[in-house]
Protein chains: 2
Amino acid sequence: MATGRTTPASPSPGGAPRRTRVRGIPDATVARLPLYLRALTALSERSVPTVSSEELAAAAGVNSAKLRKDFSYLGSYGTRGVGYDVEYLVYQISRELGLTQDWPVVIVGIGNLGHALANYGGFASRGFRVAALLDADPALAGQTAAGLPVRHMDELEEIIRSEHVSIGVITTPPGAAQQVCDRLVAAGVTSILNFAPTVLQVPEGVDVRKVDLSIELQILAFHEQRKSGEEQPQEDPVVSRPGSGAKAVAAAAARAVSRARGTSTSTTLGSEAEA
Amino acid sequence: MATGRTTPASPSPGGAPRRTRVRGIPDATVARLPLYLRALTALSERSVPTVSSEELAAAAGVNSAKLRKDFSYLGSYGTRGVGYDVEYLVYQISRELGLTQDWPVVIVGIGNLGHALANYGGFASRGFRVAALLDADPALAGQTAAGLPVRHMDELEEIIRSEHVSIGVITTPPGAAQQVCDRLVAAGVTSILNFAPTVLQVPEGVDVRKVDLSIELQILAFHEQRKSGEEQPQEDPVVSRPGSGAKAVAAAAARAVSRARGTSTSTTLGSEAEA
DNA sequence: CTCTGTGAAAAGCTTCACAGCG
DNA sequence: CGCTGTGAAGCTTTTCACAGAG
């Protein structure tokens, strides 16, 4: 799962029993709705009128029991003995996800990744409209990307207000992310998609989701390692616990690892870590 | 969570009790290790010698009980009354994730996103080395991106073998993704990071993780909608269930939605959906 | 006295399996 | 008869809360 929600809907430590979940759809289900929607859209384009849970599940890459359970949270939209009406389900899921309305977004940080996102077809095709591209670099301002002019950060607040932007995408270097986030929030943005490898601090009521390219690779590396390394548990013989006498050794070994990785030991997490 | 594993380590329908999990670290924990690693790296760079679970948890954006539980799966690496030795923990987590070895990766599809990834600092700084950039377009072959030459797809098999590549990154348009995936797998790749909005079919033993930019936005939209729409449950009055007499209405409404989204009704999921 | 490590409880999610609708 | 919708079981993950190391 790209990754998780950040503001964890605080369970009110005071004891108040949290706003009763009306029609509460589980997070795990919400995360899969876009998947179903994509599969359904493809079927719709091929003019397939109905689909069974089994078929749709295969197309979406999940199992059918899960899919049926997921849909049961939305309501009873299927027909027993037949399946689901594709068009109808597309509409219901779109509505549930809020895609039947227009969502203007701003993209802040027009480097490689910002460019890529500005050109991303999947945004426009799902109700997301890029209201503006913003960058702090005055040299970029005036250039265009994906047909839109890049505008200077100075204009951020005004754009957010005049365009009623409630979703912001951060594709800046990590050092600038929190500051950009603060400005977005102050200007009224309440949902943030963060591509910078930083943990953002936001006030209650603001949602942050993050996409971290290197995290996904690291998870793959973990499993990959397990595949080739089906040998012995590899008890490491050199590095011992700090405090038990050989702290210096441990530290040295750790540092050697960092060096090998190319991690600078003095600057903030690799200069161009913007993606 | 960006997203989930795809090959679900098949529970052997035959009944065999699945290879016993030796030192099994929960998936949820594995997914958080990179987060901890990043926070620890930052501390290490500021020469902080030790850190408490509370502090580290805050830096990583999780709660401290979870963090302690996570670390307990790796072993007892802390010191009661004190905290964790930063360098030592960096080393242990790196080792657990397999980042103490070199992981050559290939990136296939050098469009906007492929470019962005080629330039991404977070790869190199975590042990991932871009072994090659590949694209099917002969016009691109010969150009360079991030200092590396773009090579033609024809060379894929040879590069994977000679460089011992086991991880592939797919940043092609969706139509090409499965085909590229098949070639990668045939050539020996066993882990794939997929940015194309497609469900990839892979044989047992191959791991796929996907990053889908528009899915994350859709999840944000869902929550965003809930914020402004704290009103009544919005029982939709126009669209009724298909089969109960008004199917045509439903379909029309659904189609209207698709149109509004800009989804083409004939081609395969928006031509340039490459990101 | 502080802060880790961990059993045990709680919550959340997935899978099973089948009643029953069309 | 086929396929949905769903209780109930099983599993995973999170949270609690505290024993006990340093």
Side-chain angles (χ1 to χ4, degrees), chain A residues 1 3-5 8-13 15 17-18 21 24-33 36 50-58 60-86 88-89 92 241-245 247, chain B residues 1 3-5 8-13 15 17-18 21 24-33 36 50-58 60-86 88-89 92 241-245 247:
Chain A
M1 91 193 139
T3 18
R5 248 169 119 183
S10 62
S12 299
R18 184 213 283 227
R21 262 226 219 189
I25 300 176
D27 283 352
T29 294
V30 172
R32 280 187 296 267
L33 292 181
Y36 302 142
T50 60
V51 66
S52 71
S53 63
E54 204 73 52
E55 294 164 331
L56 183 54
V62 305
N63 81 40
S64 64
K66 200 187 287 188
L67 176 143
R68 286 201 303 278
K69 189 60 129 183
D70 283 343
F71 286 178
S72 81
Y73 293 117
L74 309 184
S76 289
Y77 293 155
T79 307
R80 289 163 196 242
V82 178
Y84 300 92
D85 180 273
V86 171
Y88 184 65
L89 203 46
Q92 289 300 343
R241 303 209 43 218
S244 46
K247 180 160 173 172
Chain B
M1 89 207 64
T3 19
R5 249 168 121 182
S10 63
S12 300
R18 184 210 285 228
R21 261 224 220 189
I25 299 175
D27 283 352
T29 295
V30 172
R32 281 187 295 267
L33 292 181
Y36 302 142
T50 60
V51 66
S52 71
S53 63
E54 203 73 53
E55 293 163 332
L56 183 54
V62 304
N63 81 42
S64 65
K66 199 186 289 187
L67 177 143
R68 287 201 304 279
K69 189 59 130 183
D70 283 343
F71 286 178
S72 81
Y73 293 117
L74 309 184
S76 289
Y77 293 155
T79 308
R80 290 166 195 240
V82 178
Y84 300 92
D85 181 273
V86 172
Y88 183 66
L89 203 47
Q92 291 299 343
R241 303 208 43 217
S244 46
K247 181 160 173 174

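Keep in mind that what you see is a predicted model, and the values were worked out from it rather than measured. Residue numbers begin at 1 in each chain, while the letters A, B, ... track the order of the sequences. All heavy atoms count here, side chains included; hydrogens, waters and symmetry mates do not.
The side chain of B:Ser72 sits closest to C:dG5 out of D:dT4, C:dG5, C:dT14. In this structure, the nucleotide among D:dG5, C:dT6, C:dT15 sitting nearest to the side chain of A:Lys66 is C:dT15. Nearest nucleotide to the A:Arg80 side chain, out of D:dC3, C:dT6, C:dT4: D:dC3. The side chain of A:Thr79 lies closest to C:dG22, out of D:dC16, C:dA17, C:dG22.
Using a 4.0 Å heavy-atom criterion, one finds that B:Gly83 contacts the sugar-phosphate atoms exclusively. Contact annotation for A:Tyr84: backbone-only contact, meaning every heavy-atom pair under 4.0 Å involves sugar-phosphate atoms and none involves a base.
Scanning both residues, A:Arg68 and A:Tyr84, for their nearest heavy atoms gives CG-OH, 3.8 Å. Scanning both residues, B:Leu56 and B:Val51, for their nearest heavy atoms gives N-CG2, 3.7 Å.
Atom OH in B:Tyr73 sits about 15 Å away from atom C1' in C:dT4, given to the nearest Å. Look at OH on B:Tyr36: it is 13 Å from P on C:dT4, rounded to the nearest Å. The CG-C1' distance, from A:Leu67 to C:dC16, rounds to 16 Å in whole Å. The distance between atom CG of A:Asp27 and atom C1' of D:dT12, rounded to the nearest whole Å, is 16 Å. Rounded to whole Å, atom P of D:dT4 lies 16 Å from atom OH of A:Tyr77. Distance B:Ile25 CD1 to D:dT14 P: 14 Å, rounded to the nearest Å. Regarding B:Asn63, its CG atom lies at a distance of 16 Å from the P atom of C:dG5, rounded to whole Å. Going from atom CZ of A:Arg68 over to atom P of C:dC16 covers 11 Å, rounded to whole Å.
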* To do: Give the intermediate values and the outcome of side chain to side chain contact (heavy atoms under 4.5 Å, CB included) for residues B:Phe71 and B:Leu89.
  => CA-CA 9 Å; B:Phe71 286 178; B:Leu89 203 47; 3.4 Å; yes

* B:Leu33 vs B:Leu74, side chain to side chain contact (heavy atoms under 4.5 Å, CB included): CA-CA, chis, key distance, verdict -> CA-CA 10 Å; B:Leu33 292 181; B:Leu74 309 184; 4.0 Å; yes

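Judged by closest nucleotide on DNA chain C, B:Ser53 is the one of B:Ser53 and B:Lys69 placed further toward the 5' end.
Taken from CD in B:Glu55 to OG1 in B:Thr50, the straight-line distance is 7.5 Å, to the nearest 0.5 Å.
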